[in-house]
Asker: 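The following block contains the structure, expressed as structure tokens.
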Protein chains: 2
Amino acid sequence: MDALLKNLKISINESIFLKDPESSDLGKRIVTYGIILINDLGFDNFTFKKLAAHIESTESSIYRYFENKHKFLIYLTSWYWGWKEYQLVFATNNITDPVEKLLKAIEIATREVEEDQSFNHINEVILNKIVINEYSKSYLTKEVDDENKEGYFAIYKRLSNRIRKMISDVDPTYPYPASLASTILADSLHHHFLKNHFSSLTECDDQTPPSHYFKHLILNLLKF
Amino acid sequence: MDALLKNLKISINESIFLKDPESSDLGKRIVTYGIILINDLGFDNFTFKKLAAHIESTESSIYRYFENKHKFLIYLTSWYWGWKEYQLVFATNNITDPVEKLLKAIEIATREVEEDQSFNHINEVILNKIVINEYSKSYLTKEVDDENKEGYFAIYKRLSNRIRKMISDVDPTYPYPASLASTILADSLHHHFLKNHFSSLTECDDQTPPSHYFKHLILNLLKF
DNA sequence: TCATATTGATAGTATTACTACTATTTTTGC
DNA sequence: GCAAAAATAGTAGTAATACTATCAATATGA
């Protein structure tokens with residue numbers, strides 16, 4: 001992994017947190033162990049009380065960083081998409097051939113995170129599992145329109161847009177580039193879930209990861 | 001709508017409920033107003049206590065029908081997919097041309113429900129909105145493998161399989177028919193959501209519904 | 001060292017998600 | 001038309017959740 005990536009700070013909309021968890025040791029511990037605990041318990045069973053016990057702190061201290069666990073999930077998933085975006089931009093920046101560029105982008109957007117890059121307090125392998133299992137809960141709420149206006153989903157939308165542009169660069173005649181980019185991002189999460197829990201609903205498995213399916217889709221759908 | 005469809009009873013795995021809500025007046029009211037209330041409040045804010053107040057019954061009476069609100073959601077969404085399956089089978093049964101058959105199936109699977117068929121106590125227009133907003137919460141849980149073994153998602157899987165077979169009938173060489181069927185079902189729900197809340201992430205709107213996108217995808221992806 | 005920020009500790013509230021038990025009403029089967 | 005059974009309502013209670021508020025202790029830094 002590029003050294004630049006090791007030092008990057010993902011910038012996240014400040015209204016998602018009350019106090020920047022990157023700004024203190026406690027904040028980082030909340031994030032580090034929050035990720036582990038959400039993965040272990042599932043987001044529905046996760047509470048700040050349990051997390052507080054885990055890190056030997058208190059509920060009230062955690063509430064100083066995040067209003068509630070929903071905002072905490074938005075924070076974690078925003079961080080994840082920001083991290084993915086950096087990876088995607090870095091890896092595709094110097095590729096000139098549009099097809100090759102798009103394929104690389106899809107590889108990065110849809111592959112499972114397999115190594116903890118460990119450049120910071122965040123375990124991306126586990127965070128990736130959380131995104132697969134919980135991301136949609138962050139927007140399938142009654143508050144989605146307000147939160148969208150506040151910019152809570154801006155990073156994801158920016159990433160989706162980058163892929164949309166790459167699709168149009170490959171085939172300017174393709175009429176649904178935004179939809180296709182959305183399908184690739186959201187449906188690849190879904191396919192990782194299917195692979196793990198509903199294997200009869202997909203051909204994907206450890207030998208044939210979802211990225212193969214999506215690359216095949218792109219290569220056979222777009223005209224270039 | 002076919003008269004047969006007006007009298008059908010969707011059969012739902014008995015371990016999803018404690019007492020069949022179709023078997024009594026109270027049971028039907030729970031379902032009828034449960035659908036309305038989940039749509040109004042969102043599933044997260046919905047409680048049996050609120051529903052009880054709404055139908056002038058008691059929490060304890062509702063608990064006689066469903067163990068908890070999660071099982072209630074599974075019941076409602078199973079009913080929805082069973083209903084969709086009937087529609088799909090009826091509408092495609094007498095079509096012999098595989099391409100025409102598949103396109104019809106996709107039309108039915110991905111279109112928004114626009115009229116309340118009113119053949120019973122269930123408002124399918126509202127139930128469709130619930131499925132768009134809440135379906136994934138029914139399986140994105142820590143209990144998914146156990147519940148899958150119990151057959152809680154059997155109807156959805158059967159529907160997905162029907163579409164998979166139709167895809168293979170159109171193009172036996174296509175290597176990912178199960179994945180593509182899953183994409184069509186799950187991603188069409190997602191696209192309806194995008195259209196309503198993240199319009200920049202899709203070309204779909206009222207003039208261009210998600211069904212157009214998916215039909216175009218099929219026609220340009222499969223070889224026939 | 002004084003002020004400020006940070007964290008910890010404790011307590012308290014309203015709501016949620018139930019369980020248990022009893023009482024009453026309705027249905028049905030003879 | 002009556003008794004038994006089934007269905008529903010009513011009440012109460014518990015543990016956990018999702019917070020808010022207040023104050024004390026400690027560390028930091030100017």
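Naming convention: chains lettered A, B, ... in sequence-line order (proteins, then strands); numbering from 1 in each chain.
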Asker: Using a 4.0 Å heavy-atom cut-off across all strands, classify B/Tyr65 as base, sugar-phosphate, or nothing.
Answerer: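 Sugar-phosphate, backbone atoms only, no base.
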Asker: Measure the distance from CG on A/Leu18 to P on C/dA5 and round it to the nearest whole Å.
Answerer: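 Distance, rounded to whole Å: 16 Å.
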Asker: Go through the side-chain N and O atoms of A/Asn148 and A/Lys157 and say whether any donor and acceptor fall under 3.5 Å apart.
Answerer: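 The criterion, which ignores hydrogens and geometry beyond distance, is satisfied for A/Lys157 and A/Asn148.
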Asker: Any base atoms under 4.0 Å from B/Glu67, or only sugar-phosphate, or nothing? Heavy atoms, all strands.
Answerer: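 Contact class for B/Glu67: sugar-phosphate only.
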Asker: According to the interplanar angle, ranging from 0 to 90°, do the rings of A/Phe153 and B/Phe198 count as parallel (below 30°), tilted (30 to 60°) or perpendicular (above 60°)?
Answerer: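 Perpendicular.
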Asker: Rounded to the nearest Å, what distance is computed from the NZ atom of residue A/Lys49 to the P atom of nucleotide C/dA11?
Answerer: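 About 13 Å, once rounded to whole Å.
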Asker: Whole Å only: how far is the CG atom of B/Leu51 from the P atom of C/dA17?
Answerer: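 The answer, rounded to whole Å, is 13 Å.
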Asker: Can you tell me if B/Thr47 touches the phosphate of C/dT15, counting only side-chain N or O atoms and a distance under 4.0 Å to OP1 or OP2?
Answerer: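 No, outside the criterion.
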Asker: Please report the distance, rounded to the nearest Å, between CZ in A/Phe48 and P in C/dA9.
Answerer: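 From A/Phe48 CZ to C/dA9 P: 19 Å.
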Asker: Charged N to carboxylate O under 4.0 angstrom, B/Asp145 versus B/Lys149?
Answerer: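 No, B/Asp145 and B/Lys149 are not salt-bridged.
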Asker: If you measure from the Lys or Arg side-chain nitrogens to the Asp or Glu carboxylate oxygens, is any gap between B/Asp44 and B/Lys137 under 4.0 Å?
Answerer: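 Between B/Lys137 and B/Asp44 there is a salt bridge, with a charged N closer than 4.0 Å to a carboxylate O.
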Asker: Name the first nucleotide and the last nucleotide along DNA chain D (5' to 3') that come under 4.0 Å of a heavy atom in chain A.
Answerer: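 Range of nucleotides touched by chain A: D/dT17 to D/dA21.
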Asker: Which nucleotide in the list C/dT7, C/dT10, C/dT19 gets nearest to the side chain of A/Ser60?
Answerer: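 Nearest to the side-chain atoms of A/Ser60, counting from C-beta on, is C/dT10.
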Asker: Taking the nucleotide of DNA chain D with the closest heavy atom to each, which residue, A/Asp44 or B/Ser61, is nearer the 5' end?
Answerer: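 By nearest-heavy-atom nucleotide position, the 5'-most residue is B/Ser61.
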Asker: How many Å lie between CD1 on A/Ile62 and C1' on C/dT6, as a whole number?
Answerer: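 So the CD1-C1' distance, A/Ile62 to C/dT6, works out to 15 Å.
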Asker: B/Lys50 NZ to C/dC18 P: how many Å, rounded?
Answerer: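 Interatomic distance, NZ of B/Lys50 to P of C/dC18: 15 Å.
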Asker: Is the shortest distance from a Lys or Arg side-chain nitrogen in A/Glu85 or A/Arg162 to a carboxylate oxygen in the other one below 4.0 Å?
Answerer: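 Salt bridge: yes.
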Asker: Would you please classify the geometry between the B/His191 ring and the B/Phe214 ring as parallel, tilted or perpendicular, with 30° and 60° separating the classes?
Answerer: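 B/Phe214 and B/His191: perpendicular rings.
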Asker: Could you state the CZ-P distance from B/Arg64 to C/dC21, rounded to the nearest angstrom?
Answerer: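 Rounded to whole Å, this separation is 13 Å.
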Asker: Nearest whole angstrom, please: distance from the P of C/dA14 to the CG of A/Asn68.
Answerer: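 Between P of C/dA14 and CG of A/Asn68: 20 Å.
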Asker: Would you check if there is a donor-acceptor pair between the side chains of B/Asn128 and B/Tyr80 at a distance under 3.5 Å?
Answerer: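 A pair is found: one side chain offers a donor N or O, the other an acceptor, under 3.5 Å apart.
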